[in-house]
Amino acid sequence: MSITARAEVIAAPKISVTFPGLTKQGIPHTDLQVQEIVTRQSWPNNLAKEGGCRKPQFHPMFLEEAYNKCRDICAEYAKTFYLGTLLMTEERQKAIWAIYVWCRRTDELVDGPNADYMNSGVLERWEERLHDIFDGRPYDMLDAALSDTVFNFPLDIKPFRDMIEGMRMDTRKSRYKNFQELYLYCYYVAGTVGLMSVPVMGIAPESSVSAHSIYNAALYLGIGNQLTNILRDVGEDASRERVYLPQDELAQFGLCDKDVFSRKVTDEWREFMKEQITRARFYFNLAEEGASQLDKDSRWPVWSSLLLYRKILDAIEDNDYDNLTKRAYVGRTKKLLMLPLAYTRALSKPGFSFH
């Protein structure tokens, strides 16, 4: 499962842009095997069915309760995203809730209340459990919801396994020497979510864009979201002796870990943060080009996520780039005001983009 970033990395985005000082280069998508995922998830039949497994037979009332639990968790912990899912068809809603819950549970293995008890064995058992889900042998009710989803949509197991690999990376790595390393981490823990979601959300029948381009856009949204999380949480991560910032780029601005731990917002820090925010916005712009290519009923949660995370970047700027002692957040009123805008964007036809 390990993927090595080559020194001669190709820029993940194929768009030529001016970005003084820093690079937007990521990991070549050939290295991440995105095309293979797209191909497998485009098949009319689910991979698990291809492997000879039968769809698990759950009692309808049990399944309904399982999906309701997933819905409640999503509504509690991802309120804006949850509201965005309400326009989706019932089958797609349930599937997205099940995927969200699995991703959240996976993330909590490393960042949750029991994270102190985390070790490699826990992740190995979680990966075995993932295979059981895909084989129709769920361990609990929440697993059952995902197991049913796997048999209703052409979901490939690789993005799920890659997310677990991202959790492994978190247990053994607390520094990133350059953006290529950080991009790989962002792919594992967040870009994978986009790859999981596209088969459920569906591509608009009238879209003239290739499926591969739409998957790339979904991946870029995950990259942008994770970069934004990192910039929002710099101070919190520093308290755990973690620095999710490219070490070589810190050095370009005369900064190092000591400056992060000192919690002092200097002019050098502000200039460094301006560049990091520019990069995150770049990935959101790439994601935007694919958001309107999804099935029309599925666009609202994607636009909601995209616009909300952009607002977090705005909040960092409003705090005068102090993400060392303050945590940027978007207030409830701003979130609610953003929903109509996201809905308007969701109505845009494939091929029409906002900039």
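- Salt bridge present: Arg327 and Asp233 bring a charged side-chain N and a carboxylate O closer than 4.0 Å.
- No side-chain heavy atom of Ser292 sits under 4.5 Å from any side-chain heavy atom of Arg345.
- With respect to the salt-bridge test (charged N to carboxylate O, under 4.0 angstrom), the residues Glu128 and Arg125 do not qualify.
- Once rounded to the nearest 0.5 Å, the distance linking CG of Asp162 with CD1 of Ile37 reads 6.0 Å.
- Grouping the Ile, Leu, Val, Met, Phe, Trp and Tyr side chains by contacts below 4.5 angstrom, directly or via other members, places Val101 apart from Phe151.
- Taken together through direct or relayed side-chain contacts under 4.5 Å among Ile, Leu, Val, Met, Phe, Trp and Tyr, Leu219 and Val209 form part of one hydrophobic cluster.
- In this pair, Trp126 and Trp102 present their aromatic rings parallel. The plane angle is below 30°, not in the 30 to 60° band.
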Checklist line | Candidate pair Leu227 and Tyr183, rule side-chain contact (heavy atoms from CB on, under 4.5 Å), full reasoning | finding: CA-CA 9 Å; Leu227 289 174; Tyr183 182 97; over 6 Å; no

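- At a threshold of 4.0 Å, the pair Arg270-Asp322 does not count as salt-bridged, since none of the basic side-chain nitrogens sits closer than that to a carboxylate oxygen.
- The heavy-atom pair separating Pro301 from Met88 by the smallest distance is CG-SD, 4.0 Å.
- In the model, Gln226 has no side-chain atom that pairs as donor or acceptor with a side-chain atom of Tyr244 under 3.5 Å.
- Between Leu195 and Tyr215, the closest side-chain pair of non-hydrogen atoms falls below 4.5 Å.
- Counted by atom type alone, Asn178 and Glu249 present zero donor-acceptor pairs between their side chains at under 3.5 Å.
- Hydrophobic clustering places Leu308 together with Leu341 (ILVMFWY residues linked when any side-chain heavy atoms are closer than 4.5 Å, directly or through intermediates).
- Taken together through direct or relayed side-chain contacts under 4.5 Å among Ile, Leu, Val, Met, Phe, Trp and Tyr, Val302 and Met338 form part of one hydrophobic cluster.
- Here the closest heavy-atom approach between residue Leu337 and residue Pro340 is recorded as O-CD, 3.2 Å.
- Ring geometry for Phe58 versus Phe62: interplanar angle of 30 to 60°, hence tilted.
- Separating the CG atom in Asp107 from the CD1 atom in Ile164 is a distance of 12.5 Å, to the nearest 0.5 Å.
- The pair Arg242-Asp257 fails the salt-bridge criterion, with no side-chain N (NZ, NE, NH1 or NH2) lying under 4.0 Å from an Asp/Glu carboxylate O.
- Taken from OG in Ser213 to CG in Leu286, the straight-line distance is 11.0 Å, to the nearest 0.5 Å.
- Salt-bridge check for Arg172 with Glu165: passed, with a basic side-chain N closer than 4.0 Å to an acidic carboxylate O.
- Note that CD of Gln33 is 11.5 Å distant from CD of Gln35, once rounded to the nearest 0.5 Å.
- A donor-acceptor contact under 3.5 angstrom links the side chains of Asn225 and Ser305, judged on distance only.
- Partners of Thr80 according to the side chain to side chain donor-acceptor pair (under 3.5 Å) rule, which considers only residues two or more places apart in sequence or in another chain, do not exist here.
- Salt bridge Arg40/Asp156: present, at least one basic N to carboxylate O contact under 4.0 Å.
- Closest approach of Ser208 and Gln293 over heavy atoms only: N-OE1, 4.4 Å.
- Distance CD/Gln247 to CG/Leu255: 10.5 Å, rounded to 0.5 Å.
- Using a 4.5 Å heavy-atom threshold, the side chains of Ile96 and Phe81 count as touching.
- Relative to the six-membered ring of Tyr82, Arg71 misses at least one condition, a distance below 6.0 Å or an angle of at most 45° to the axis.
- Residues Val200 and Leu221 share a hydrophobic cluster, clusters being chains of Ile/Leu/Val/Met/Phe/Trp/Tyr side chains in contact below 4.5 Å.
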Checklist line | Worked verdict on Lys158 versus Val34 for side-chain contact (heavy atoms from CB on, under 4.5 Å) | finding: CA-CA 10 Å; Lys158 186 179 186 299; Val34 172; over 6 Å; no

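- Between Arg232 and Asp237 there is no salt bridge, since no side-chain nitrogen of the basic residue lies less than 4.0 Å from a carboxylate oxygen of the acidic one.
- Ion pairing between a basic and an acidic side chain is recognised when a charged N comes within 4.0 Å of a carboxylate O; Glu76 and Lys69 show no such pairing.
- With sequence neighbours left out, Tyr67 forms a ring pair (Phe, Tyr, Trp, His ring centres under 6.0 Å) with no residue at all.
- Thr228 has its side chain within reach of Phe284: a pair of non-hydrogen atoms, C-beta onward, lies under 4.5 Å apart.
- Remark: the Arg92 side chain and the Asn152 side chain contain no N/O donor-acceptor pair separated by less than 3.5 Å.
- Salt-bridge formation is detected for the pair Asp143/Arg105: a Lys NZ or Arg NE/NH1/NH2 atom is positioned less than 4.0 Å from an Asp or Glu carboxylate oxygen.
- Rounding to the nearest 0.5 Å places CZ of Arg332 at 9.0 Å from NZ of Lys335.
- Remark: Arg104 engages Glu108 in a salt bridge, criterion side-chain N to carboxylate O under 4.0 Å.
- Within the 6.0 Å centre-distance limit, the rings of Phe272 and Trp269 are counted as a close aromatic pair.
- Figure legend: Arg279 and Phe179 shown as a cation-pi pair, the cationic atom lying under 6.0 angstrom from the six-membered ring centre and within 45 degrees of its axis.
- Of the possible polar contacts, none joining the Glu127 side chain to the Arg161 backbone as a donor-acceptor pair under 3.5 Å is found.
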